[in-house]
Peer 1: 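The structure that follows is given in the form of C-alpha cells.
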Amino acid sequence: MEQFIQQIEEEFENRFGQNYKLIESPGRVNLIGEHTDYNDGFVLPAAVDKGIYLAINVNGTNKCRFYAVDKKEAFETDISDDIERSDLGWPNYLLGVVDQLKKHGYDVGGFDCVFGGNVPIGAGMSSSAALEGGVLFGLAELNGWDIPPVEMATIAQKAENEFVGVQCGIMDQFASLNGKEGYALKLDCRSLDYEYFPFNRDDIKIVLCDTQIRRELASSEYNVRRQQCEQGVETLQQWDPEIKSLRDVELSLLLQHEKEIDSTIFKRCKYVVEENKRVIQACDDLHQGDFHSFGQRMYQSHVGLQLEYEVSCKELDILVDIARSLNGVFGARMMGGGFGGCTINLVKEEHVNAFTDQIKEQYNDQTGEEIKVYKTKVSSGTHEINRAEVTSE
Ligand code: GLA
C-alpha cells in the first residue's frame, strides 16, 4: 500500500513539485438497500479500505493538469470559461466537480492532480464517486472552504449527474465522503439524515466476489429502472395523491391495486417498497447483533433484485447460490447497479479462507470463468493522509 501511494507522490513531485496534499478517498460496499436511493428511500453502505489516492495542489493559474497513474495518461485544460467534456473519459470526473463548484459560487482556480486507485473499476464499488469526492475534498482543504458533509455529497453527485451524465442516486458519494471506520451508515435519501451503526465485529468479514463482468447495459437499464419507478409513482398517485415517491408507498396499497397496475411496473414497485422495509429491519438486526437475521435479509434482497427488479445476471445468481451452500456464510447478494460487478458476502472469519477457495472453484466448475475475491474492512470516509507518516512507514 505504501509503495502504491509513494508512486503517486513521485509522479506528482516529478511533474508538479514538492507541495501538495495527499488524499485518500474510499470505495464503498452496500450492505443492503439497493436501488432505493433514487426512490427517496434508505440505504446502508460503508466506506472500505480500497479506494482512490490523490496528490493535489493549487497552481495559481487557470489551468488544470491531471495525471492518471493507472492509465498512464495526462490531461490539461483551461477552466476560465465554460468547461468542456474530455473524450478521454476519466478527466470528466474531476472536471465535473470543478463545474459544480463554480455553479455553487466557489472561486475555483487551476490545480494539479495525480491519482491512482486500488478499488476495482466498474466492480460496483464506486471508484467514480471516490474520485469525485477526493477531488472535492482536496480542493476544499486547499482553499479553506468549509463545505458541510451533506453539501459535499450533493455536489459530488451532481458532478456525476450533470457532467459525466450518469443519473446515479446519492448513496455512493455520500458513503465515500462520510463513511466512518467500524461503522455502517444508514442514510435517509430523502432528508439526507444519517446515522452510524457499529459494524466492527472481528469475527465477521465482508467478502466481495467479483464476476469481472462489466456491462454497458448497466447504465441504460439503470435509467429504465428509474423511469419505471417514476411511472409507478404516477400510477399510484391516483389512489393516494400524497405519494411523492416509492418511499411513501405502503405494500398493502400496492397489493390492493395489483390487477390495475402494469405487471412489470408492479414488480419494480414491490421490490423497492420491500427493500426499504428490509433496510430498517436490518438496522434493528445490527442493533441486536443478530447477523443471522441480517444475512437472511441480504438473501431476500437478492431474490427481489433477481426476480422483481431484474437487474441481476446468471453469474451473480450462481455466486449467491454457491454462497448459500457454504459454511459460515450469514448472507449474500448482488451489490450496486447490477448486470455484473460483485456480490457482497458476510462470512465468519474462520471460514473466509475455505469460502474463498470453494466459491472460486465451484464458480469455475459451473461457468468455466474466474472470479476475483476481495476481503474488505469498513474504513474512514475521504480524508487527508499525513505525508510524513507515509514516508516514515
Ligand atoms: C449505483 C448508483 C447508486 C445506486 C446503486 C443501486 O451504484 O450509483 O446511486 O442507485 O447503483 O443501489
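Order of appearance sets the numbers: ligands from 1, and atoms from 1 within every ligand.
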Peer 1: G337 heavy atoms, cut-off 4.0 Å: which ligand 1 atoms fall inside?
Peer 2: 11 (O)

Peer 1: What part of R28 sits under 4.0 Å from ligand 1 if we count only heavy atoms: the side chain, the backbone, both or neither?
Peer 2: side chain

Peer 1: Could you list the atoms of ligand 1 found under 4.0 angstrom from a heavy atom of M171?
Peer 2: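 Per the distance check, 4 (C), 5 (C), 12 (O).
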
Peer 1: Applying ring pair (Phe, Tyr, Trp, His ring centres under 6.0 Å) to F137 and W145, what does each step give before you reach the verdict?
Peer 2: CA-CA 9 Å; F137 185 92; W145 298 326; over 10 Å; no

Peer 1: Would you mind listing which atoms of ligand 1 come within a distance below 4.0 Å of any non-hydrogen atom of C168?
Peer 2: 2 (C), 8 (O), 9 (O)

Peer 1: Does any N or O atom in I170 lie less than 3.5 angstrom from one in ligand 1, N or O only?
Peer 2: no

Peer 1: Are any of the N or O atoms of S126 closer than 3.5 Å to those of ligand 1?
Peer 2: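 No: no nitrogen or oxygen of S126 is under 3.5 Å from one in ligand 1.
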
Peer 1: Salt bridge between D210 and R214, side-chain N to carboxylate O under 4.0 Å?
Peer 2: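 Yes, this pair counts.
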
Peer 1: From the options E34, Q173, E160, select the one whose nearest heavy atom is closest to atom 6 (C) of ligand 1.
Peer 2: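 The nearest heavy atom belongs to E34.
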
Peer 1: Are F199 and F291 close enough that their ring centers fall under 6.0 Å?
Peer 2: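 Under 6.0 Å, so yes.
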
Peer 1: Please evaluate residues H302 and D317 with respect to the criterion side-chain hydrogen bond (donor to acceptor under 3.5 Å, both in side chains), reporting the C-alpha separation (whole Å), side-chain torsions for both, the decisive distance (0.1 Å), and the verdict.
Peer 2: CA-CA 8 Å; H302 184 81; D317 298 340; 2.9 Å; yes

Peer 1: For residues L246 and L236, determine if any side-chain heavy atom of one lies less than 4.5 Å from a side-chain heavy atom of the other.
Peer 2: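 A side-chain contact exists here, since the closest heavy-atom pair is under 4.5 Å.
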
Peer 1: Looking at ligand 1, does any of its N/O atoms fall within less than 3.5 Å of an N/O of T36?
Peer 2: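 The answer is no, given that T36 and ligand 1 share no N or O pair closer than 3.5 Å.
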
Peer 1: Before we go on, tell me: are the rings of F115 and Y67 under 6.0 Å apart, centre to centre?
Peer 2: no

Peer 1: For ligand 1, which is the ligand I care about here, please tell me if Y38 has any N or O atom under 3.5 Å from one of the ligand's N or O atoms.
Peer 2: no

Peer 1: Numbering the atoms of ligand 1 from 1, which are under 4.0 Å from a heavy atom of G169?
Peer 2: 9 (O)

Peer 1: Between E274 and K277, is the closest basic N to carboxylate O distance under 4.0 Å?
Peer 2: no

Peer 1: Checking a contact table here: which protein heavy atom is nearest atom 8 (O) of ligand 1, and how many Å away?
Peer 2: D172 OD2, 2.6 Å

Peer 1: Could you say whether the N/O atoms of N30 and ligand 1 ever approach to under 3.5 Å?
Peer 2: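 No.
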
Peer 1: Which residue supplies the protein heavy atom nearest to atom 10 (O) of ligand 1, what is that atom called, and how far is it?
Peer 2: Y222 OH, 2.6 Å

Peer 1: Just to verify, which of E234, Q231, K270, E230 counts as forming a side chain to side chain contact (heavy atoms under 4.5 Å, CB included) with I265?
Peer 2: Q231

Peer 1: For the aromatic rings, using the six-membered ring if either is Trp, is the centroid distance between Y194 and F174 under 6.0 Å?
Peer 2: yes

Peer 1: Among all the protein's non-hydrogen atoms, which is closest to atom 4 (C) of ligand 1, and how far away is it?
Peer 2: D37 OD2, 3.3 Å

